[in-house]
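What follows is a single structure, written as structure tokens, with notes after it.
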There are 2 protein chains.
Amino acid sequence: MYRIGELASQCDIKADTLRFYEKHGLLAPSSRSGSGYRLYTKDDASRLRFILRAKAVGFTLNEISELLSIELDKANWACADVKGMVDNKLEQVTAKIAELTQFANSLQSLSNACCGGPDSAEHCSILEALESEDKQLSAKNETSHKGHHHAVK
Amino acid sequence: MYRIGELASQCDIKADTLRFYEKHGLLAPSSRSGSGYRLYTKDDASRLRFILRAKAVGFTLNEISELLSIELDKANWACADVKGMVDNKLEQVTAKIAELTQFANSLQSLSNACCGGPDSAEHCSILEALESEDKQLSAKNETSHKGHHHAVK
DNA sequence: CTTGACCTTAGATTAAACTCCAAGGTTTAT
DNA sequence: ATAAACCTTGGAGTTTAATCTAAGGTCAAG
């Protein structure tokens, strides 16, 4: 059993943040001490680490509680529903990985374009590296237009 | 040359957002029309797409302008500095990809743990899937503790 | 038996990133 | 030449995710 401050410092967040997460239904301590102190179990800590990982990776707290509600509520869901929601999130994550990889490529060509020596960077064609990377992308996107299409009036 | 609304709808954002980015030094139009309308070039659009990709991937606008300032200012930097900053960002991106991959693994084991049938999800051991994934992680983190260590007083 | 580090609550404040509004100027199409 | 659909500015309002404040209760050590 951890008290709020212990769990917080363990996970490098503030106690306030844990109270905030509790208020917003993301993580409640499994129990309270006689005097009302929050007591968190190892499972609670586990759940918190899941939340923090999800957050680090760009999910909003709302998206995270959606994900977690699946688990809280699982008796009231059909297996197929649960699998559907999870697979849906998984798709988002996969898309995010693809975007990140693309981004890493941009940065890599930026780095490669730069000699790394002591001279002025004026002649490092960084912008060109970015642009060429971007051109590859838009060329790809012209043929297969992903995402929700918006009206162009 | 695009006007603000054109560029905005092209990139699925609001004109307001472009004005906001301009105010915060991320992207200014290359020119203005006689009557003061913002006029964006293809390079501006390129830069915008870079910003949006960076944002999608979890960088803050501050981090993004740091990255972009490298390019704006390149005559005043040594090649080595530029390469250093870019490689630093590249490390962050790589770390983010690792986290995302871990997260995708969590979700995948969640999905695998679920039969996907029409019955109640009560017996899908989703929490257990998350926990076991998390235990693997914390086991790994105990030996090699990455990140800034905080005082535990 | 008090000091200091913890904890409780409710509510105010902050920061980032938009998002909207009002009042007016510009373009284009009919 | 006038309506619709753009654009301009400055400034106010919103949302998300904390973070801080005030006023007080708890607990282990000396």
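Proteins come first, then strands; the chains are lettered A, B, ... in the order of their sequence lines, and each starts at number 1.
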**Report entry** Which atom of B/Ala104 lies closest to which atom of A/Leu90, heavy atoms considered
**Finding:** O-CD1, 3.5 Å
Report task. Over all heavy atoms of both residues, which pair between A/Lys83 and B/Ser111 is shortest? Give the atoms and the distance, please. Result -> NZ-O, 2.7 Å
d([atom1], [X]; [atom2], [N]) in whole Å:
X	N	atom1	atom2	answer
B/Ile64	C/dA16	CD1	P	14 Å
B/Leu7	D/dC6	CG	P	15 Å
B/Arg19	C/dT19	CZ	C1'	11 Å
A/Ile51	D/dA17	CD1	C1'	13 Å
B/His24	C/dT19	NE2	P	13 Å
B/Glu22	C/dC18	CD	P	15 Å
B/Glu63	C/dA17	CD	C1'	14 Å
A/Met1	D/dC27	CE	P	15 Å

Report task. Check DNA chain D against residues 26-40 of chain B and give the residues with a non-hydrogen atom under 4.0 Å, in numerical order. Result -> B/Arg32, B/Gly36, B/Tyr37, B/Arg38
Requested in this report: Specify the residue among B/Lys23 and B/Ile4 whose closest nucleotide of DNA chain D lies further upstream toward the 5′ end.
Outcome: B/Ile4
**Report entry** Closest-nucleotide 5' rank along DNA chain D - winner of B/Glu6 and A/Lys14
**Finding:** B/Glu6
Query raised in the report: Does a side chain donor of either A/Gln108 or A/Asn112 reach within less than 3.5 Å of an acceptor in the other side chain?
Result: yes
When you get a sec, tell me which of [options] is the closest nucleotide to the side chain of [X]?
X	options	answer
B/Lys55	D/dA18, C/dC18, C/dA16	C/dC18
A/Asn62	D/dA18, C/dT9, D/dT16	D/dT16
B/Asp16	D/dA18, C/dC18, C/dC20	C/dC20

Query raised in the report: Between B/Tyr21 and B/Leu48, is any pair of side-chain heavy atoms under 4.5 Å apart?
Result: yes
Query raised in the report: Is the shortest side-chain N to carboxylate O distance from A/Glu63 to A/Lys96 below 4.0 Å?
Result: no
Report task. In plain terms, say whether A/Arg49 and B/Glu99 are close enough for a salt bridge, that is, a side-chain N and a carboxylate O under 4.0 Å apart. Result -> no
Report summary line: From the list A/Lys55, A/His24, A/Arg53, side chain to side chain contact (heavy atoms under 4.5 Å, CB included) with A/Ile64 holds only for A/Lys55
Requested in this report: For B/Arg3, answer base if it contacts any base atom (sugar-phosphate contacts may also be present), sugar-phosphate if it contacts only those atoms, and nothing otherwise; contact means non-hydrogen atoms under 4.0 Å.
Outcome: sugar-phosphate
